[in-house]
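Take this structure, written in structure tokens, and hold onto it; I'll ask about it next.
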Number of protein chains: 2
Amino acid sequence: MTTSANGRRKPPTVHDVAREAGVSRGTVSRVLNGGHYVSATARKSVDAAIKKTGYVVNRHARSLITGRSDSVAFLLTEPQEKFFEDPNFNVLLRGCTEHLARHDIPLLLMLASNEDERRRLTRYITSGHVDGVLLVSSHSGDPVTAELLDAGIPLVACGKPLGFGGKVSYVAVDEREGAHEMVRHLVSTGRRRIGMITGPLDTPGGTERLAGYRDVLAESELPYDPALVVEGDYRRSGGEAAASQLLDQAPDMDAVFVASDLMAQGVVSTLQRAGRVIPDDIAVGGFDDSPAATAVSPALTTMRQPFDRISAEMVRVLLAQIAGEDTAAVILPTELVVRDSA
Amino acid sequence: MTTSANGRRKPPTVHDVAREAGVSRGTVSRVLNGGHYVSATARKSVDAAIKKTGYVVNRHARSLITGRSDSVAFLLTEPQEKFFEDPNFNVLLRGCTEHLARHDIPLLLMLASNEDERRRLTRYITSGHVDGVLLVSSHSGDPVTAELLDAGIPLVACGKPLGFGGKVSYVAVDEREGAHEMVRHLVSTGRRRIGMITGPLDTPGGTERLAGYRDVLAESELPYDPALVVEGDYRRSGGEAAASQLLDQAPDMDAVFVASDLMAQGVVSTLQRAGRVIPDDIAVGGFDDSPAATAVSPALTTMRQPFDRISAEMVRVLLAQIAGEDTAAVILPTELVVRDSA
DNA sequence: CTGAAAGCGCTTACAG
DNA sequence: CTGAAAGCGCTTACAG
């Protein structure tokens with residue numbers, strides 16, 4: 001290890017390792033890349049030389065030749081206030097970072113806030129600066145998704161991306177089944193005027209959970225009343241607004257299924273301000289089991305999304321795709337978590 | 001742009017641009033790097049050629065020769081549950097990502113969860129894979145900080161890192177002054193038995209806000225009563241526990257200054273469960289003005305930390321340091337935000 | 001101002 | 001199994 005002018009040590013290279021080990025640089029490289037076609041003795045002396053010199057591969061040099069960057073983007077293509085407000089997002093981001101770290105792959109966080117940023121990032125990504133992208137963008141027909149898909153960039157979305165006909169890999173939860181379970185729970189506790197606050201209806205979480213709600217209404221021989229359904233936006237403030245609207249439209253409502261815990265947080269406070277007691281007057285069922293679920297009082301009965309598994313699967317599918325495998329969809333189950341609100 | 005075997009287009013290189021523009025690759029490179037020592041005509045034809053070919057620089061090749069990576073790490077060195085639970089963290093992460101994006105610098109998110117990860121990441125960073133690091137780690141004497149400092153890696157911390165005697169750059173808020181303002185506000189509204197829930201006392205936010213609290217007690221000729229002070233951990237659950245303890249130790253308390261909004265959220269619910277009305281019985285003052293502040297009812301009176309500016313300054317100072325400037329500390333003011341809780 | 005050339009640190013056919 | 005050699009795409013003294 002030599003010291004250069006600016007005082008920063010110049011790190012050892014394959015050359016230094018080769019010299020130390022008494023082999024050629026090619027052999028060092030072979031050891032570094034899996035140790036195939038290398039004798040046990042050579043491998044051993046290279047390993048020792050690596051340890052001794054403190055050698056760490058220069059990823060830029062490697063990338064220059066392999067054409068891979070050994071890094072992955074985590075891309076948010078929507079107004080991110082929403083995501084950053086939602087504790088689910090954190091759990092997902094953390095999970096992806098940790099799972100990638102196990103493969104020694106850094107995660108580049110990218111926020112496409114506006115048209116300019118979208119263009120810049122699309123260009124960055126399609127220029128091969130990352131090997132693949134973990135995509136968080138639930139709205140249908142997202143233009144970035146289309147461009148990346150078009151450029152052949154390995155891609156896996158969180159939640160089924162609408163409008164791409166099965167051409168993009170994704171990891172999602174069984175939305176409809178999750179809704180079934182929650183609404184059945186509400187019905188089983190004697191609720192008959194069950195309202196719903198949906199997610200945005202151009203997202204699968206929006207449409208599918210609503211569909212599940214209607215399924216159970218039908219199977220329970222409960223009438224579907226449009227006055228009991230309001231579209232939300234997955235934000236706390238949206239939950240508050242939607243709850244007020246429901247209170248107006250259907251004052252006799254005895255339960256609400258809310259498509260996210262964050263919205264449910266807003267719903268709870270609006271209902272309480274209106275003098276309703278939860279769950280006695282109105283039961284509230286959430287979705288996610290995010291940290292928001294236990295930050296409210298009463299704590300939320302909700303459908304747990306396995307975000308730890310979701311992030312693990314996203315990483316697994318993406319890495320497989322980078323390695324050349326075909327696209328894939330992974331559907332994970334949700335789980336009813338009964339607490340105090342329903 | 002040629003198409004290679006695997007169907008992915010092979011991007012144009014300086015060579016293609018040079019050919020298109022009728023100049024040498026050196027000239028193309030000069031245009032790319034600021035356009036010095038290049039004639040206006042040459043510059044123009046290179047620009048045109050870049051546009052025409054859709055050229056994007058290959059950062060790996062550039063990094064290999066410049067020795068810079070043109071990327072920056074955002075490093076969390078603590079059990080991150082805490083950070084990921086705290087909405088402040090999101091705001092900071094987002095701000096840093098956006099400010100770096102303006103310089104076309106990607107942010108690599110790194111989580112040092114355990115000893116192994118700490119070692120791996122330290123190695124990664126000190127091997128020159130990033131040009132600098134934005135550090136979030138408030139506890140004193142953090143070993144990663146020491147190692148990075150030692151390796152001469154440009155570094156800027158969020159909040160003053162304790163135990164490094166001014167050798168590390170940081171951006172922080174005037175903690176003590178912030179505490180002054182809040183406690184004076186409490187005093188000015190007639191409170192006399194003012195409790196405090198501090199942050200961890202090995203962090204500057206912990207000690208300084210406590211010091212500020214004591215300052216104002218003294219200037220107001222209010223006695224300092226240890227029974228009124230409990231150490232918290234910046235978590236909601238910690239706020240709940242601390243509030244219970246205060247309720248036991250000092251049932252006559254008529255205000256609490258809580259060192260973070262997230263803890264204050266827990267405090268509010270504990271106090272309310274105990275039948276106290278806020279602010280009538282007890283005033284609650286927070287710190288941060290995080291999204292948590294308006295997620296509670298009553299909404300929190302709090303000290304606003306300018307996270308947008310904090311992240312902007314962190315990025316600015318880091319970039320300056322990467323460019324060779326000396327370390328620097330930036331202290332930003334807080335601002336009292338009066339809502340309903342005090 | 002500009003071109004030819006060297007070289008950054010690595011990987012990978014190619015011979016052997 | 002192993003070494004010598006070419007080359008990934010760029011930047012930067014060096015001459016001119």
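In this text, all values refer to a predicted model and were calculated from it rather than measured experimentally. In what follows, chains are A, B, ... by sequence order, proteins preceding strands, each numbered from 1.
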Rounded distance in Å - CG (B/Asp16) to C1' (D/dC10):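 Distance, rounded to whole Å: 13 Å.
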Donor-acceptor pair, side chain of A/Ser169 and main chain of A/Ala328, under 3.5 angstrom: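 Flag set: sc A/Ser169 to bb A/Ala328 pair under 3.5 Å.
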Minimal non-hydrogen separation, B/Leu149 against B/Lys167, with atom names: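 In this case the closest contact between B/Leu149 and B/Lys167 is CD1-O, 3.8 Å.
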Separation of atom CZ in A/Arg59 from atom P in D/dC10, rounded to whole Å: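 Distance, rounded to whole Å: 21 Å.
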5' precedence on DNA chain C between B/Val23 and A/Val14 (nearest-nucleotide basis):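 The residue whose closest nucleotide sits nearer the 5' end is B/Val23.
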Rounded P spacing from D/dA15 to D/dT11 in Å: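 Going atom to atom, P in each nucleotide, I get 22 Å.
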Nearest-nucleotide pick for A/Arg62, side chain only, options being D/dT2, D/dC10, C/dC10: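 Minimum distance to the A/Arg62 side chain belongs to C/dC10.
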Salt-bridge contact B/Lys44-B/Asp47 (side-chain N to carboxylate O under 4.0 Å):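 Judged by the 4.0 Å cut-off on N to carboxylate O distance, B/Lys44 and B/Asp47 do not form a salt bridge.
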B/Arg68 backbone acceptor or donor facing B/Ser63 side chain under 3.5 Å: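 A pair under 3.5 Å: yes.
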C1' spacing across the pair C/dT12 / C/dG16, given as an integer number of angstrom: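 The answer is 16 Å between these two C1' atoms.
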B/Leu32 CG - C/dT2 P separation (whole Å):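 In whole Å, C/dT2 P lies 15 Å from B/Leu32 CG.
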Candidate nucleotides D/dT2, C/dC8, D/dC8, ranked by approach to the side chain of B/Leu64 - the nearest: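 It is C/dC8.
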Distance in angstrom units between A/Arg19 CZ and C/dG9 P, rounded: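 Between P of C/dG9 and CZ of A/Arg19: 12 Å.
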G-U wobble or Watson-Crick pairing nucleotide for D/dT2 (cut-off 3.5 Å, both distances):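 C/dA15 is the nucleotide pairing with D/dT2.
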Distance below 4.0 Å between A/Tyr55 side-chain N/O and C/dC10 OP1 or OP2: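 For C/dC10, OP1 or OP2 has a side-chain N or O of A/Tyr55 closer than 4.0 Å.
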Plane angle bin for A/His129 and A/Tyr124 - parallel if under 30°, tilted between 30 and 60°, otherwise perpendicular: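 If you compare the ring of A/Tyr124 with that of A/His129, the planes turn out tilted.
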Side-chain donor/acceptor of A/Asp131 to backbone N/O of A/Val72, under 3.5 Å: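 No.
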Phosphate OP1/OP2 of D/dC10 contacted by B/Ser63 side-chain N/O (<4.0 Å):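 For D/dC10, neither OP1 nor OP2 has a side-chain N or O of B/Ser63 closer than 4.0 Å.
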Which nucleotide in C/dT2, C/dC10, D/dG9 has an atom nearest any side-chain atom of A/Thr13: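 Side chain of A/Thr13 sits closest to C/dC10.
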Touch class at under 4.0 angstrom, heavy-atom based, for B/Val57 against every strand present: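 Sugar-phosphate contact only - B/Val57 comes under 4.0 Å of backbone atoms but never of a base.
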Separation of atom NE2 in A/His129 from atom P in D/dG9, rounded to whole Å: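 About 13 Å, once rounded to whole Å.
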Donor-acceptor pair, side chain of A/Asp150 and main chain of A/Ala146, under 3.5 angstrom: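 Checking the backbone N and O of A/Ala146 against the side chain of A/Asp150, no donor-acceptor pair under 3.5 Å is found.
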When you compare the protein's N or O atoms with those of nucleotides 12-16 of chain C, which come within less than 3.5 Å of each other, and at what distance?
from	atom 1	to	atom 2	distance (Å)
C/dA13	N6	A/Arg30	NH2	3.3

Gap between atoms NE2 and C1', on B/His60 and C/dG7 respectively (whole Å):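 That distance rounds to 19 Å.
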Whole-Å distance separating the CG atom of A/Asn58 from the C1' atom of D/dC8: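 Checked: the CG to C1' distance equals 13 Å.
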